[in-house]
Structures are given as C-alpha cells and as structure tokens.
Amino acid sequence: MPQYWLMKSEPDEYGWDDLVAEKEGTWDGVKNAQASNNMKAMKKGDQVFFYHSRQGLEVVGIMEVSEEHSPDVTTDPDRWVVVKVKPARKLDKAVPLKEMKQNPKLKDLAIIRQFRLSVAPVTESEWDAILEMGGG
DNA sequence: GCCAACGTTGGC
DNA sequence: GCCAACGTTGGC
C-alpha cells in the first residue's frame with residue numbers, strides 16, 4: 001500500500017516541466033522540521049501530488065518516490081533530507097487551490113489548514129477526491 | 001527558557 | 001508587491 005503526499009514548488013524555481021525534462025528529480029532545499037519528517041516517512045513507490053505555489057496555485061501532476069531520503073548536501077546534511085522523485089503522469093486538468101477549498105471532502109487537507117507546509121501527507125480519500133477533480 | 005525581532009513562505 | 005502566518009534566532 002503506497003502512501004500519499006503533496007509537495008509544493010514554485011514553477012519559477014522548479015516546475016512540473018522541469019521534473020519531466022530531468023526524468024528524475026532530487027527534492028532538495030526543504031528546511032522545515034515538519035516537512036522534513038514527512039520526507040523521512042516516504043517510501044519508494046509512494047505517490048505524490050506536485051503543486052505549483054505562488055504561480056499557478058494548482059495541483060498539476062503526480063510523481064512517484066524513486067529513492068527514499070538521504071542527507072541534503074545543498075543545505076545542512078546533518079539536519080535536512082532530500083528524496084528523489086520521478087514524474088508519473090500529468091493530470092488531465094490541473095486542480096486549483098480555489099476548487100480544493102470548495103470541496104467539503106478536502107476541508108482537512110493539510111495544505112489548506114497549514115498553508116506554509118511544503119511537504120504534507122494526503123489521505124486516501126483526499127487523494128481520490130483530488131484525482132476525481134483532475135479528470136481521474 | 002522566555003519571548004520579541006526577524007526571516008521566509010505563499011495566498012491574495 | 002504586500003502582508004499574514006509561522007518558524008527560527010538571540011538577548012536577557
């Protein structure tokens with residue numbers, strides 16, 4: 001049973017298209033204890049929504065954890081970790097934050113309750129609801 | 001060990 | 001570009 005997650009990135013910095021171009025991306029630079037703990041809990045094969053923050057404000061695609069956590073040499077390797085991810089597929093239709101906020105099934109979604117959390121768990125029912133909004 | 005100041009994130 | 005939310009830092 002894979003677990004579900006959501007990770008945010010500013011498309012200016014690193015967007016969905018950048019991940020697709022790279023084929024496998026290293027999710028680095030996360031300097032937040034809660035986000036870091038979530039990354040440590042990720043297992044290979046877990047499914048992750050890619051959310052565009054600042055510009056876009058929408059879930060654009062799904063990626064898969066391809067390598068579990070290792071020290072983040074771009075920040076402080078004693079403190080923070082990276083995971084590696086591969087793009088799985090793009091959603092037929094990007095799901096905007098505005099619509100997620102309007103969906104009662106998503107009222108407890110971690111990124112709505114705590115908007116600054118950049119790596120957050122998603123429950124199976126939340127995952128299904130977002131997938132449905134994104135065209136299956 | 002408290003808490004004010006400061007820095008960063010991200011929605012608007 | 002602004003600023004609210006919130007995490008971190010550092011003076012006491």
Side-chain angles (χ1 to χ4, degrees):
Chain A
M1 266 302 263
Q3 301 214 89
Y4 301 113
W5 309 93
L6 180 149
M7 299 204 284
K8 296 183 184 184
S9 180
E10 296 186 35
D12 271 5
E13 291 275 321
Y14 188 86
W16 173 259
D17 293 339
D18 297 307
L19 176 64
V20 171
E22 272 196 317
K23 298 206 172 63
E24 181 178 42
T26 301
W27 210 270
D28 59 20
V30 176
K31 290 182 283 185
N32 172 280
Q34 243 183 302
S36 197
N37 284 338
N38 289 333
M39 286 167 82
K40 285 178 187 167
M42 287 182 189
K43 298 290 179 200
K44 193 173 174 179
D46 281 0
Q47 304 289 108
V48 189
F49 280 133
F50 194 135
Y51 175 82
H52 281 171
S53 63
R54 295 278 293 166
Q55 280 96 36
L57 307 186
E58 56 195 11
V59 175
V60 290
I62 297 170
M63 43 195 179
E64 181 174 320
V65 177
S66 56
E67 196 179 299
E68 291 170 21
H69 69 94
S70 58
D72 187 352
V73 294
T74 69
T75 57
D76 180 350
D78 295 324
R79 238 180 128 180
W80 310 118
V81 298
V82 302
V83 293
K84 288 193 182 176
V85 288
K86 285 181 179 168
R89 66 188 177 90
K90 199 170 182 172
L91 294 177
D92 291 342
K93 178 181 160 304
V95 180
L97 179 67
K98 210 196 261 179
E99 286 181 23
M100 293 194 280
K101 280 186 170 171
Q102 284 163 2
N103 188 334
K105 287 180 193 163
L106 299 177
K107 69 176 169 50
D108 290 328
L109 195 68
I111 58 154
I112 290 174
R113 296 174 69 96
Q114 203 183 340
F115 75 93
R116 293 191 40 195
L117 187 59
S118 60
V119 180
V122 175
T123 67
E124 196 175 352
S125 60
E126 289 165 348
W127 180 270
D128 290 343
I130 293 169
L131 262 194
E132 206 175 309
M133 295 166 84

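Fair warning: this is a prediction, and the values are worked out from it, not measured in the lab.
- Using the six-membered ring where Trp is involved, A/Phe49 and A/Trp127 have ring planes that are parallel, under 30° apart on the 30 and 60° scheme.
- Note: CG (A/Asn32) to P (B/dG7) measures 18 Å, nearest angstrom.
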Check residues 110-124 of chain A and write down every donor-acceptor pair under 3.5 Å in which the side-chain atom is one partner and the other belongs to a residue at least two apart or another chain.
{"residue": "A/Arg113", "atom": "NH1", "partner": "A/Asp108", "partner atom": "OD1", "Å": "2.9"}
{"residue": "A/Gln114", "atom": "NE2", "partner": "A/Gln34", "partner atom": "OE1", "Å": "3.0"}
{"residue": "A/Thr123", "atom": "OG1", "partner": "A/Ser125", "partner atom": "OG", "Å": "3.4"}
{"residue": "A/Thr123", "atom": "OG1", "partner": "A/Glu126", "partner atom": "N", "Å": "3.2"}
{"residue": "A/Thr123", "atom": "OG1", "partner": "A/Glu126", "partner atom": "OE1", "Å": "3.3"}

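- Between the C1' atom of B/dT9 and the CG atom of A/Leu97 lies a distance of 14 Å, rounded to the nearest Å.
- Residues from residues 108-118 of chain A placing a heavy atom under 4.0 Å of any atom in DNA chain B, listed by number, are A/Phe115, A/Arg116, A/Ser118.
- The CD atom of A/Gln55 sits 14 Å away from the P atom of B/dT9 (whole-angstrom rounding).
- Rounded to whole angstrom, the span from the CG atom of A/Leu6 across to the C1' atom of B/dG10 amounts to 13 Å.
- Within 4.0 Å of A/Lys101, counting heavy atoms only, lie sugar-phosphate atoms of the nucleic acid but no base atom.
- Spacing between atom NE2 of A/His52 and atom P of B/dC12 amounts to 17 Å, rounded to whole angstrom units.
- Heavy atoms of other residues, nucleotides or ligands lying less than 6.0 angstrom from CD of A/Glu13 number 12 at most.
- At a threshold of 4.5 Å between non-hydrogen side-chain atoms, the residues A/Asp72 and A/Pro77 do not count as touching.
- With rounding to whole Å, A/Tyr51 atom OH is found 9 Å from B/dG10 atom P.
- If you check every strand for non-hydrogen atoms under 4.0 Å, A/Lys8 touches sugar and phosphate atoms only.
- Taking atom CD of A/Glu10 as the reference point, atom P of B/dT8 lies 13 Å away to the nearest angstrom.
- In this structure the side chain of A/Pro87 reaches within 4.5 angstrom of the side chain of A/Trp16, judged on heavy atoms.
- Regarding A/Lys98, its NZ atom lies at a distance of 16 Å from the C1' atom of B/dG10, rounded to whole Å.
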Practice task
With side-chain contact (heavy atoms from CB on, under 4.5 Å) as the test, would you mind laying out the steps for A/Glu10 and A/His52 before giving the verdict?
Solution key: CA-CA 5 Å; A/Glu10 296 186 35; A/His52 281 171; over 6 Å; no
